[in-house]
Amino acid sequence: MGYKIVQEDNSKGYCLECGDRLPYGYRTDRKFCSVECKNRWHNRKHWSRDKLKVRTLSVLDRNYAILERLIKLKVKRVTLESVLHLGFNPEYITCCHQTGREKTYYCYDIAYTLRPSYINDIRRIATIDDEDSPDGNE
């Protein structure tokens with residue numbers, strides 16, 4: 001399918017996606033000749049933004065899974081090299097809190113401190129759900 005260059009103001013009655021003439025008998029401000037063209041145009045327009053979101057969430061999910069595994073194994077300190085080897089990316093965090101000279105990094109509900117060669121004090125922080133349950137567990 002060949003595309004025609006169409007201005008977005010669309011005052012001449014051409015589809016913004018495929019460039020075909022818009023059918024008569026519809027709204028005068030119509031921009032697309034079909035639902036398929038409308039969906040294709042919006043999907044293409046938002047593709048790069050959505051791709052970035054998916055990639056970021058994927059890295060955060062991988063980091064979370066690695067940290068969660070370390071908590072289950074009761075590991076409080078681990079070398080940065082070993083978690084990098086597992087796929088951990090320290091550049092992706094959900095929050096950072098600085099107290100004095102120490103920074104605490106967060107990946108959702110897991111907190112840790114990051115040193116040049118190791119990750120220290122890996123722990124799960126209390127959440128509202130934890131406080132609601134009688135024994136502190138789900």
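Note that the structure is a prediction, hence the values are computed from the model and not measured.
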Output a table of donor-acceptor pairs, distance under 3.5 Å, between side-chain atoms of residues 99-106 and any protein atom two or more places apart or on a different chain; print 'none' if there are none.
from, atom 1, to, atom 2, distance (Å)
Thr99, OG1, His97, ND1, 3.4
Glu102, OE1, Arg115, NH2, 3.3

Between CD1 on residue Ile93 and OH on residue Tyr112, distance to nearest 0.5 Å: 6.0 Å

Which heavy-atom pair separates Leu86 from Ile66 by the least distance, and what is that distance? O-CD1, 3.6 Å

Exceeds 12 heavy-atom contacts within 6.0 angstrom, atom CD of Glu81: no

Would you call the rings of Trp41 and Phe32 parallel, tilted or perpendicular, taking 30° and 60° as the class edges? tilted

In Å and rounded to the nearest 0.5 Å, what is the CD to SG distance from Glu36 to Cys18? 10.5 Å

Sequence neighbours excluded, which residues qualify as salt bridge (charged side-chain N to carboxylate O under 4.0 Å, His left out) partners of Arg69? none

Pairwise side-chain contact, Leu70 with Val83, heavy-atom cut-off 4.5 Å (strictly under): yes

Closest approach of Arg124 and Ile71, non-hydrogen atoms and distance? N-CD1, 3.8 Å

Closest approach of Arg77 and Tyr118, non-hydrogen atoms and distance? NH2-CE2, 3.1 Å

With sequence neighbours left out, what residues match His46 under side chain to side chain donor-acceptor pair (under 3.5 Å)? Arg49

Arg123: which residues meet the salt bridge (charged side-chain N to carboxylate O under 4.0 Å, His left out) condition with it, sequence neighbours left out? Asp121

With sequence neighbours left out, the residues meeting side chain to side chain contact (heavy atoms under 4.5 Å, CB included) with Val59 are Arg62, Asn63, Asn89, Tyr92

Residues two or more places apart in sequence or in another chain: which of them pass ring-ring contact (aromatic ring centres under 6.0 Å, His included) with Tyr108? Tyr64

With sequence neighbours left out, write down each residue that passes side chain to side chain donor-acceptor pair (under 3.5 Å) with Arg27, or none if nothing qualifies. Asp29

Sequence neighbours left out, what passes side chain to side chain contact (heavy atoms under 4.5 Å, CB included) with Lys72? Give chain and number order. Glu68

Who passes side chain to side chain contact (heavy atoms under 4.5 Å, CB included) against Tyr26, sequence neighbours left out? Pro23, Arg30

Roughly how far apart are Cys33 SG and Glu17 CD, rounded to 0.5 Å? 8.5 Å

Partners of Thr113 by side chain to side chain donor-acceptor pair (under 3.5 Å), sequence neighbours excluded? none

Looking only at non-hydrogen atoms, find the nearest pair between Ile122 and Ile119 and report the distance. CG1-CG2, 3.7 Å

Apply side chain to side chain donor-acceptor pair (under 3.5 Å) to Ser58 and list each qualifying residue two or more places apart in sequence or on a separate chain. none

Reported CG-to-CZ distance for the pair Leu67 and Phe88, which is rounded to 0.5 angstrom: 4.5 Å

Between CG on residue Leu22 and OG1 on residue Thr28, distance to nearest 0.5 Å: 11.0 Å

Taking salt bridge (charged side-chain N to carboxylate O under 4.0 Å, His left out) as the test, write out the residues that go with Asp50, two or more places apart. Lys53

Under the 3.5 angstrom rule, does the side chain of His42 hit a backbone N or O of Lys38 as a donor-acceptor pair? yes

Heavy-atom nearest pair, Pro90 first then Leu84, reads CD-CD2, 3.6 Å

